[in-house]
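Atoms within each ligand, like the ligands themselves, are counted from 1 in listed order. Every heavy atom of this structure was used, including side-chain atoms; hydrogens, water molecules and symmetry mates were not.
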Amino acid sequence: MISHTFAHTGPLKGTIRVPGDKSISHRSLMFAGLAVGESRITGLLEGEDVLATAAAMRAFGAQIERSADGIWTVYGAGVGSLLEPKQALDMGNSGTSTRLLMGLVASHAITATFIGDASLSGRPMKRVIDPLTQMGASIEASAGGTLPLMLRGAAPAVPITYRLPVASAQVKSAVLLAGLNTPGITRVIEPVPTRDHTERMLTGFGATVEVGEENGEKIIAIHCEADLMPCDVVVPGDPSSAAFFMVAASIVPGSDLTIMNVGLNPTRAGLLHVLRQMGADIKEVNPREVGGEPVADLRVRYAPLSGIDVDPAIAPAMIDEFPVLFVAAAIASGTTRTSGLDELRVKESDRLAAMAAALTAAGAQVEEHEDGLSIHGTGGEPLRGTANARVKSLLDHRIAMSMAVAGLVSTGGVEVDDISPINTSFPTFMGLLAEATA
Ligand code: S3P
């Protein structure tokens, strides 16, 4: 455990560049690891979660190398030709690695064991176990449907049509990845749209993916595809990492910060809309496309924020950004109410409970409900908690970084008990924060 105190600071200034998108980085290694031939990945996020995916893809037989200039080269193993890993796959803290790779194994004639840290070992896997079992995989999980678990794939697997019972891009992607090596057509029905990187990127790698709509629900069909083509992927900056700096610059008076190269896929850009609704001053500069994704530089200037009722329909487009939105709400004037956020209880931590406890310790006024928080903001005044309020990050990178941002606007400072989880998604966070507040 490495503790760190984040203290009241002057404005955030200058220009920073956040690392590559975590969701796209995982997928680029997986899809390149399935393609036959050489793929190159530029801008890969080199955080612990993504490195866990790289290690697993190597164990499945892909050759993966990083060159000195930071470009990753992948020679894939081929769909249908994955090797059986010799050891248990250690997924660390990463739910995305676990659930997507379970999908991959489910339609191959191999057996793999998945293990992870204490946080990941408490997270629900039944949501992927159910559809993958329907496709023919056999899975022995720990009590409660959690890791460690052993998955024996089926070859051939059975194509299914699966209607997502929870809005989860990970579950959608697990089924689609299993579908790649399943005879016929596998379909996912998505009542509530979630991030669509899997659909976009698999098409780029040469898979046949059809996206349609019926009765207001999205239907994604994937055809069995023996040959994925290698591809050169350029990973845009992660909007979920940019989020911490978008909020920090919005709430620290005098800030004027430009965040370069931020991915703005509409299925990810919910926070930008919500912050603007609250009165934030965020300009999109030089909008362009990077690796098939919309991207812009964001110029964020301090602006007084007002509390709002956040529309639960926007939740999937900002599901990872709620912890830091709660920090913005704590400094806004008036009350911010959120609802429909049950999924936050099964992330790397129970993010509703974790943020309610941490923000309260830092001096914010928070009410915790079953499916959301109500936060009564200070109206622009700093948080006045006990001196050096000590808060728990609970093996959750986003709690650690959100409370770092809260520390910047607190009179007494916020001590985060363990900042090491930040390395799972944003290894350059501490350096960029020091740079922006210097
Ligand atoms: C992700 C999907 C989301 C998100 C996670 C990354 C992905 O999880 O919270 O950080 O890359 O597919 P859920 O599928 O559980 O909503």
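- Heavy-atom distances between His197 and ligand 1 stay at or above 4.0 Å for every pair.
- By the 4.5 Å heavy-atom criterion applied to side chains, Asn261 and Arg288 are counted as neighbours.
- Annotation: Ser173 places no N or O atom under 3.5 Å from an N or O atom of ligand 1; distance criterion only.
- For ligand 1, the polar-atom distance check against Ile319 finds no nitrogen or oxygen pair separated by under 3.5 Å.
- Contact detail for Leu272 and Glu284: the closest heavy-atom pair is CD2-OE2, 3.5 Å.
- Side-chain atoms of Ser240 and Lys22 include no donor-acceptor pair closer than 3.5 Å.
- Those atoms of ligand 1 with a heavy atom of Asp320 less than 4.0 angstrom away are 4 (C), 5 (C), 9 (O), 10 (O).
- Near Ser168, meaning under 4.0 Å from one of its heavy atoms, ligand 1 places the atoms 13 (P), 14 (O), 15 (O), 16 (O).
- Of the polar atoms of Arg398, none of the N or O atoms is found under 3.5 Å from an N or O of ligand 1, judged by distance alone.
- Between the side chains of Thr73 and Arg66, not a single donor N or O lies within less than 3.5 Å of an accepting N or O.
- Between Arg123 and ligand 1, not a single N/O pair is under 3.5 Å apart.
- Using 4.0 Å as the threshold, Lys347 has a heavy atom nearer than that to some atom of ligand 1.
- Residues Leu164 and Ile189 form no side-chain contact, since every pair of their non-hydrogen atoms from C-beta on lies 4.5 Å or further apart.
- Under 4.0 Å is where a charged nitrogen must lie from a carboxylate oxygen, and between Asp320 and Arg195 at least one such pair does.
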